[in-house]
Protein chains: 2
Amino acid sequence: MEVFINIQRFSTLTNLSSHTIRYYEKIGVLKHIARNSSGHRFFTTKDIEWIEFVKRLKEMGMPLDNIKLYADLREQGESTAEQRKQLLQEHVVILEERIALEALHLKKIKEKILYYENLNG
Amino acid sequence: MEVFINIQRFSTLTNLSSHTIRYYEKIGVLKHIARNSSGHRFFTTKDIEWIEFVKRLKEMGMPLDNIKLYADLREQGESTAEQRKQLLQEHVVILEERIALEALHLKKIKEKILYYENLNG
DNA sequence: TTAACCCTTAGAGTAAACTCTAAGTCAACC
DNA sequence: GGTTGACTTAGAGTTTACTCTAAGGGTTAA
């Protein structure tokens, strides 16, 4: 009976390729990944929670550099909570602006589509 | 009195570097740019209108490949209006989905920030 | 015991979208 | 008339985020 999550299973669970997972460890986005006696990585549910958060930050458009910074702060413990909060707040502002801009673009492009429709009508 | 818009002025007006403008011409996003007797580009207000539209598509997240496709269709004239409309419609769907996803991320991240705030409180 | 298939690493390759460099032309100012 | 500075081209270099390859070791199924 399989007790730990190997890279393949982690890949399936997170929907990231094993290449990407190793890459994330190499650049410091994933930290302290445990190894078994043969040097193979094994992952925990904590790792899954963290990577899900990383994926959220990525989908929000945060670059890996920033995510790595967040990971570094997280590693340093409770004392960095305020800094992490600020990082998130900064990105909230960026994202709010982006959503507003995208909504405007959407409006304009829909107007253009209406124009094309009037050509045909 | 300056009658035409050279690359420097076009760069200022569009907020794109002259490198980027030449690059856009090279890949076919900008087409039929006029030249003077010494081979220097000069631009028209039509070019400015077009590049503003290109910038909108870019900010909507449309890749340059797709924008080039749109430019190709535009070059072919009125008969491609329907295809161009479809290209835009497809991107509207993508953008609407993205905005919805971003709004969800925003909500989740704000929850996380509240969590940090309760740590301090 | 040997094949099949997992894992490991370092490092090379890829794609998108620029960004810059080198080498050269040309018009304008002092 | 020489130098400055903007323009031209082809093509090399950069950044981000992967994605893949090569070379090799470990574990399990027939």
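Lettering follows sequence order; numbering is per chain, from 1.
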Note: A:Lys68-A:Glu25 ion pair, threshold 4.0 Å (strictly below): no
Sugar-phosphate, base or nothing in reach of A:Lys58, heavy atoms under 4.0 Å: sugar-phosphate
Nearest-nucleotide 5' precedence on DNA chain D, A:His19 against A:Met62: A:Met62
B:Lys31 side-chain N/O to B:Gly28 backbone N/O, donor-acceptor pair under 3.5 Å: yes
d(CZ, B:Arg9; C1', D:dC7) in whole Å: 17 Å
Rounded distance in Å - CG (A:Asn66) to C1' (D:dA17): 14 Å
Of residues 87-99 of chain B, the positions that come close to DNA chain C - non-hydrogen atoms, cut-off under 4.0 Å: none
5′-ward residue of the pair A:Arg22/B:Arg22 relative to DNA chain C: A:Arg22
Under 3.5 Å: donor-acceptor pair, side chain of A:Asp47, backbone of A:Thr44: yes
A:Glu52 and A:Lys55 ion-paired at < 4.0 Å: yes
Outermost DNA chain C nucleotides near chain A [under 4.0 Å, heavy atoms]: C:dC7 to C:dG11
Separation of D:dT8 P from B:Phe10 CZ (nearest whole Å): 12 Å
Integer-rounded Å distance: D:dA6 C1' and B:Ile21 CD1: 14 Å
Flag, side chain of B:Ser11 to backbone of B:Leu16, donor-acceptor distance under 3.5 Å: yes
Spacing of A:Tyr24 atom OH relative to D:dT19 atom P, expressed in whole Å: 9 Å
Centroid-centroid distance, A:Phe53 to A:Tyr70, less than 6.0 Å: yes
Path from A:Phe10 to A:Ile27 over hydrophobic side-chain contacts below 4.5 Å: yes
Any donor-acceptor N/O pair, B:Trp50 side chain to B:Ala71 backbone, under 3.5 Å: no
Residues touching DNA chain C, which here means a heavy atom under 4.0 Å, drawn from residues 27-42 of chain B: none
Any donor-acceptor pair under 3.5 Å from A:Asn118 side chain to A:Tyr115 backbone: no
Side-chain (B:Thr80) to main-chain (B:Gln83) donor-acceptor, under 3.5 angstrom: no
NZ-CD distance between B:Lys110 and A:Gln89, expressed to the nearest 0.5 angstrom: 10.5 Å
Value in whole Å for how far the C1' atom of D:dT27 lies from CD1 of A:Ile7: 17 Å
